[in-house]
Amino acid sequence: MIEVDGLTKRYGSTVAVQDLSFTVSAGRVTGFLGPNGAGKSTTMRVILGLVHPTSGTTSVLGSPYRELRQPEKRVGALLETFDAHPGRSGRSHLRVLALAGGIPRSRVEEVLALVELTGAGRRRVKGYSLGMRQRLGLAAALLGDPEVLVLDEPANGLDPQGIRWLRDFLRSLAAEGRTILVSSHVLAEVAQTVDDLVIIHRGKLVQQAAMAEVEAMAAKATTVRSPDAPRLATLLVAEGVDATVVADDRLSVHSPTERVGEVAAAHGIVLHELTAERASLEEVFLELTGEPGERGG
Amino acid sequence: MIRLYLAELLKLRTLRGTWGFVIVALGLAALFTAGGIGGASEQARLEPQYQFRLVLDIAFPTGILSLLLGIVLFTNEFRHGTIARTLLAAPRRWRLVVTKLLAGATTGTALEFVAFATTLAIVVIWLGALDVPLERGDLADGAGRALVGVILAGVLGAALGGAVHSQVGALVGALVWMFVVEPLCWVLLGLLDWDGAGDYLPAASLGGIIDSQDEGLPFAGSVGMTFAWIALLTVLALVRTGRRDIT
């Protein structure tokens, strides 16, 4: 479990994070979302003891990160900035981390195989592509087989297969009861992976909710096309449903598709189309963060 | 702590730059020894303490290399952004500082070992060919004193790296201090009739350990003063590294 309580971080006059509180539960993948510059990386670095909070507290598995014994065995982290020496081979980089963290050397080969870098393990890191660097970072995060994973933009640089692998892998880790916090600035990127969402903007909490709740926010009107549209509209209104005739054969109904289908079937009305209109998750995200013009990628 | 220390040594072993320092130490030791033997007259080679001075003279370039490697082993973390990953394994930052100082001492030992082995090999072969008897006591005394000086140079470098963090800043600063600022201080102190005060400056203190002429502070005083400078820089390193946000 990860807890953030009343966290504020200021850099001079710039407020990076302001009175931020949220909890990340074990056994779930929690997406940490916000536009670039929202304060995600700062928050994660405070959680990991790399940045000193101005006020507030954070804890991982019940303790501040700095007080954890053998933290690399308990918490795996992937930071947005690449953190391997370019002159060292990928395998040597992991061996150094394993030695420092008290992790068996055999684990290095396991994680290299897991991220499909065994063949490149002897190459110096400066020759790695962006995707390979990201996979090496993931290998480092997984090295201690940790209970908690804190991953800052883990999909950066991964190809579609890599993203799919990451998604399935995170789901399987969460199913084992581990705590996973994954940041992203693109909701659609993590939508299929996460159970819960923490959305921040300009350092402040915008929303903490289950993914299902956010998906529900995306639901809009139901479009119905029927040769008997006016009668169906009358019946729906009689059932207390907000239905409007928008064309001779078309209705706009503010009700789930199931409800419309049931009413139509009960009265023998033919339907040619029954479509649930939805806002994209990205639209919901942009609406929540309130600045639709600023978003990129 | 032991794991962190071993990891520091593995970091050093797995970088080509470290081996570059070792090769340069070997080359300079060979060059200085060859110069010391080839440039000395037959009479000079038989003088008391000639072999003692020969060994100590090699400690000068080796000490500078040890100081620079000490700086590099700490500042590499900031130059290449590896400090975040290092601190994830060592979140109590004082441990990292102590580990780096120990690594600086170890690299100093390794560099002096390479330099002395090179010197000894040349001395044994060359002076043996000239029928100059080996003065084992002199060689051992010189090696011991050189070892102390080179080890402390490595520790001083690591402490300086921990206090400054910028690799270029620390390397350039150290060299400028040694070869420009401190000599200027000597001149100024001389003008003020405070000549002796210059012996307490960092480079003079460190140099006093490996000074075969014994011109400055005595050996024990030089060691003590160097420890004092190391202590000062270590406090700065602890404060600076402890407070820094790793962004």
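Each chain gets a letter, A, B and so on, in the order its sequence line appears, and its residues count up from 1. Computed from a prediction, not measured in an experiment: that's the story for all the values here.
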Looking only at side-chain N and O atoms, does B:S222 offer a donor or acceptor that is under 3.5 Å from a partner on B:S205? no

Heavy-atom pairs under 4.5 Å with chain B, option from A:P71, A:G144, A:P64, A:S41 with the top count: A:P71

Kindly confirm or rule out a cation-pi arrangement of A:R133 over A:Y128, judged by NZ or CZ under 6.0 Å from the six-membered ring centre and within 45° of its axis? no

Compute the centroid of each ring, for B:F32 and then for B:F60, and state whether the two points are separated by less than 6.0 Å. no

For B:R244, is it the side chain, the backbone, both or neither that has a heavy atom under 4.5 Å from a heavy atom of chain A? backbone

Is it the case that the side chains of A:Q18 and A:T8 hold a donor-acceptor pair, with the cut-off being a distance below 3.5 Å and no angle test? no

Report which part of A:K9 has an atom under 4.5 Å of a heavy atom belonging to chain B: side chain, backbone, both, or neither. side chain

Region of A:R124 that comes under 4.5 Å of a non-hydrogen atom in chain B: side chain

Are the side chain of A:R88 and the backbone N or O of A:H93 linked by a donor-acceptor pair below 3.5 Å? no

Given that the side chain runs from C-beta out, which part of A:A98 has a heavy atom under 4.5 Å from chain B: side chain, backbone, both or neither? neither

Need one label for A:R66: side chain, backbone, both or neither, based on atoms under 4.5 Å from any heavy atom in chain B. both

Pick one of side chain, backbone, both or neither for B:R13, based on which atoms fall under 4.5 Å of a heavy atom in chain A. neither

Heavy-atom contact with chain A under 4.5 Å, split by part of B:R85: both

Applying a strict 4.5 Å limit to non-hydrogen atoms, the region of A:A77 in contact with chain B is both

With a 4.5 angstrom heavy-atom cut-off, is it the side chain or the backbone of A:Y11 that approaches chain B, or both, or neither? side chain

Options B:E8, B:H80, B:R92, ranked by heavy-atom pairs under 4.5 Å with chain A, top entry: B:H80

Looking just at side-chain N and O atoms, do B:T82 and B:E77 make a donor-acceptor pair shorter than 3.5 Å? yes

Let's go through A:F22 and A:L7 carefully: what are the C-alpha distance in whole Å and the side-chain angles of both, what is the deciding distance for side-chain contact (heavy atoms from CB on, under 4.5 Å) to 0.1 Å, and is it a yes or a no? CA-CA 10 Å; A:F22 64 89; A:L7 177 67; over 6 Å; no

Over 60° means perpendicular and under 30° means parallel, so classify the ring planes of B:H165 and B:F74, tilted if in between. parallel

